[in-house]
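A short write-up of the structure that comes next.
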Number of protein chains: 2
Amino acid sequence: MTARRAASARATINDVAAVAGVSRGTVSRVLNAEAYVSEAARSAVIDAISKVGYVRNNAARNLATRQSHAVGLVVHEPHSLFLEDPNIGSILLGINSALSDADYQLVSLVIDSDRDSHRVAEYLSGGFVDGVIIVSARAHDPIAKVVAELGIAAAFVGHPVDIEGIPYVGIDNFSAAKAITTRLKETGRRRIGMIAAGLDRDSGQDRMAGFRAALGDSFDAELVITTPLYAHASGVDGMRLLLDRAPDVDGVFAASDAMAAGVIDVLREAGRSVPGDVGVVGFDDSAWATRAQPPLSTVHQPAGQLGRRAAESVLAQLRGETVDTDGTFLETAIVWRDSA
Amino acid sequence: MTARRAASARATINDVAAVAGVSRGTVSRVLNAEAYVSEAARSAVIDAISKVGYVRNNAARNLATRQSHAVGLVVHEPHSLFLEDPNIGSILLGINSALSDADYQLVSLVIDSDRDSHRVAEYLSGGFVDGVIIVSARAHDPIAKVVAELGIAAAFVGHPVDIEGIPYVGIDNFSAAKAITTRLKETGRRRIGMIAAGLDRDSGQDRMAGFRAALGDSFDAELVITTPLYAHASGVDGMRLLLDRAPDVDGVFAASDAMAAGVIDVLREAGRSVPGDVGVVGFDDSAWATRAQPPLSTVHQPAGQLGRRAAESVLAQLRGETVDTDGTFLETAIVWRDSA
DNA sequence: TCGCCGTCTGGGAACGCTCCCAGTTGCATT
DNA sequence: AATGCAACTGGGAGCGTTCCCAGACGGCGA
């Protein structure tokens, strides 16, 4: 097959103007819903548009307005995130939905970790996007710094970073972790441990702090196992270690559902029943939670809303509105199932 | 914070021309790597570009060339796909990598199932994208039909559809299913069942046909359980039913790794050991495979390559090359772990 | 010497919009 | 009747490229 170009003779704004018997300017005003257009002119234009099958040429508009009407989604370390993060899909859908409502296009800027952030910086400064949403940046992130310097409209999804002046949309990891740990404690558990992860990010630190706060005096640092990743394997390794250190453990807070699933696997292997002998709670309310045996009690993250709100913040900045740089925290909810 | 516009005074091709002491046309020729530029002019232009910090304005180029230099990725039913399909992430990365190598931009066209395909058709015909990649279309897909009518450069990922003239990149589900079933049979299993899914797509049908072909005379329709989704829960339900029907089953081919994980859960619950009492094999080689206890023997799908090849097909069409409409099948490989 | 051709260059003319200014109405107010 | 103002309209200018044509230059064969 040879590629055919799409029908070459596309109608332009001039064709519409000619058919409607008005000028180019009036058509443009109708298209952009501006004031000062008579009802007669408006309906004539609308009729003409459907008659000639007019579709706006974005390239021309972008050139004239010096805006791209596109917002970039910067995702770091694509493989780990795209393939393992249970929330990224929902976040993406939330962003996409908010942007398309506002007639903006989402372009995905996947960053290969082996390339320099220079390439991204150039892309961002190249006017290809009007704004940018950054998912899950680490502290001291080079791209975050570039965005801050460029002064481009931006928002972070996930958690605050060490950069001033850029809003973020996240959840209150501290309170959520504290709440579910408290709830676990209320089921009568006395020796509660935690499998922590992602301590290089605020989210991970906050979950651990929340856990500690919930336990108060009964907190025992011995019962906190630190692992690098939020993965199933980390839960397995962490739980083995914990069981070794404290065979009398009767409650576990895992920093993610994937880890909690690993924890349950290890407990079963060791002949402990869940929730009979040990209560287990997770974090995320991802697909892991319902597929686990037994289904996990966990913290529900409003991932879709996280994306939507971040996109709305960028759009507001693009409209020239003042947005809150302190960021916003979305509500989490405890989902109590059978694992504790 | 008030949004600041990115540095307003961006260098244009004219600035470069002025600094290099050549004309606009020469700069353009250098930028597009055209012939007939003297070495002196070329290096002067290159120096000038870096001196003034020139970055190409895509809107202007798109307007002048009447091309968008963008390729759309159409994803249906975003929720089920994005959130459950273990391959979609890799496919996306593969596409993105091929496109950015060729200086094309990926724009994601997520289709909300409740809206009409009309909106997508308009988008596609609106010149916003030069080509389109469609992931996992069903038979009789309306958007696939629209693409075919438009004659826009396109490729399908996943499996052939009922549309003529559009290439696809997929795997040979029949052969792969046959191969892994045969391998399972060779481990000495006599009563082999299958948990099938996705029979509304060719991929699902082919996997079942491959299973049947591998068993030959020993095929027993009683041992095939049909479920709607490739999900963990389908594996659980399907295996319960199968165990009920045939308590002597000693081998199971699940149509996806997620289902295979569900199968294993049910077997454990029923006191059967894997692979001791029952051998289980899956399909996909997704994250489910390695996290399962025991790790799954399964069929490896080259998801990233699937995306890359589809993108390359679209790019070839865009260059006006003739591409094979029959599509291409990529090699799968059996990954033998511990579950069988 | 002349003419030709291949190599290289400059710049006018689009591409299809938006912006903005200069008008032209029609109506209320003086 | 004259004035002012709000409501509306037309069209020139410009956004930053690419495309393409006209032309300059130099080397080479006749």
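Here is how names work: the chains are called A, B, and so on, in the same order as the sequence lines, proteins then strands, and each is numbered from 1. Heavy-atom basis, side chains included; hydrogens, waters and symmetry copies ignored. Fair warning: this is a prediction, and the values are worked out from it, not measured in the lab.
Of the candidates C:dG11, D:dC8, C:dC15, D:dC8 carries the atom nearest the A:Ser38 side chain, counting heavy atoms from C-beta on. Out of C:dT18, D:dG10, C:dG10, the shortest distance to the side chain of A:Val22 is found at D:dG10. Side chain of B:Ala64, nearest nucleotide from D:dT17, C:dT9, C:dT18: D:dT17. Distances from the side chain of A:Ala60 to the nucleotides C:dT9, D:dT9, C:dC17 place C:dC17 closest. Here D:dT9 is the nucleotide among C:dC17, D:dT17, D:dT9 with the atom lying nearest to any side-chain atom of A:Arg29.
Counting any heavy atom pair closer than 4.0 Å across all strands shown, B:Asn32 reaches sugar-phosphate atoms only and no base atom. Looking at heavy-atom distances under 4.0 Å, A:Ala41 makes contact with sugar-phosphate atoms alone, never a base. When heavy atoms are screened at a 4.0 angstrom cut-off, A:Arg61 is found touching the sugar-phosphate backbone but no base atom.
To the nearest angstrom, P of C:dT18 lies 12 Å from CZ of A:Arg66. Summarising the geometry, the separation between CZ on B:Arg42 and C1' on C:dC8 is reported as 11 Å, rounded to the nearest angstrom. Computed from coordinates, the B:Asn62 CG to D:dT17 C1' distance equals 10 Å when rounded to whole Å. At whole-Å resolution of the value, CG in A:Leu63 and P in D:dT18 are 12 Å apart. Going from atom CD of A:Gln67 over to atom C1' of D:dG16 covers 16 Å, rounded to whole Å. Taking atom CG of residue B:Asn14 and atom C1' of nucleotide C:dG10, one finds them 12 Å apart after rounding to whole Å. Distance, B:Asn58 CG to D:dC15 P: 18 Å, rounded to whole Å.
Remark: the B:Glu39 side chain and the B:Ser43 side chain contain no N/O donor-acceptor pair separated by less than 3.5 Å. Donor-acceptor pairing under 3.5 Å is lacking for the side chains of B:Ser68 and B:Asn62.
Along DNA chain C, the nucleotide nearest to A:Asn57 and the one nearest to A:Glu34 differ in position, and the one closer to the 5' end is contacted by A:Asn57. When the nearest nucleotides of DNA chain C are assigned to A:Ala59 and B:Arg24 by heavy-atom distance, the more 5′-ward of the two goes with B:Arg24.
No hydrogens or angles were tested; on distance alone, nothing pairs the side chain of B:Arg10 with the base of D:dG16 as donor and acceptor under 3.5 Å.
Within the 4.5 Å cutoff, the side chain of A:Ile13 has heavy atoms near those of the A:Leu31 side chain.
Between A:Gln67 atom CD and A:Asn58 atom CG the span is 12.0 Å, to the nearest 0.5 Å. Rounding to the nearest 0.5 Å places CG of B:Asp101 at 9.5 Å from CG of B:Asn96. The distance from atom CG of A:Asp103 to atom CZ of A:Arg56, rounded to the nearest 0.5 Å, is 5.0 Å.
An OP1 or OP2 oxygen of C:dT24 is reached within less than 4.0 angstrom by no side-chain nitrogen or oxygen of A:Tyr36. Listed pair B:Thr26 / C:dG10 meets the phosphate criterion, a side-chain N or O lying under 4.0 Å from OP1 or OP2. Regarding contacts with the backbone of D:dG10, a side-chain N or O of A:Ser23 is found under 4.0 angstrom from either OP1 or OP2.
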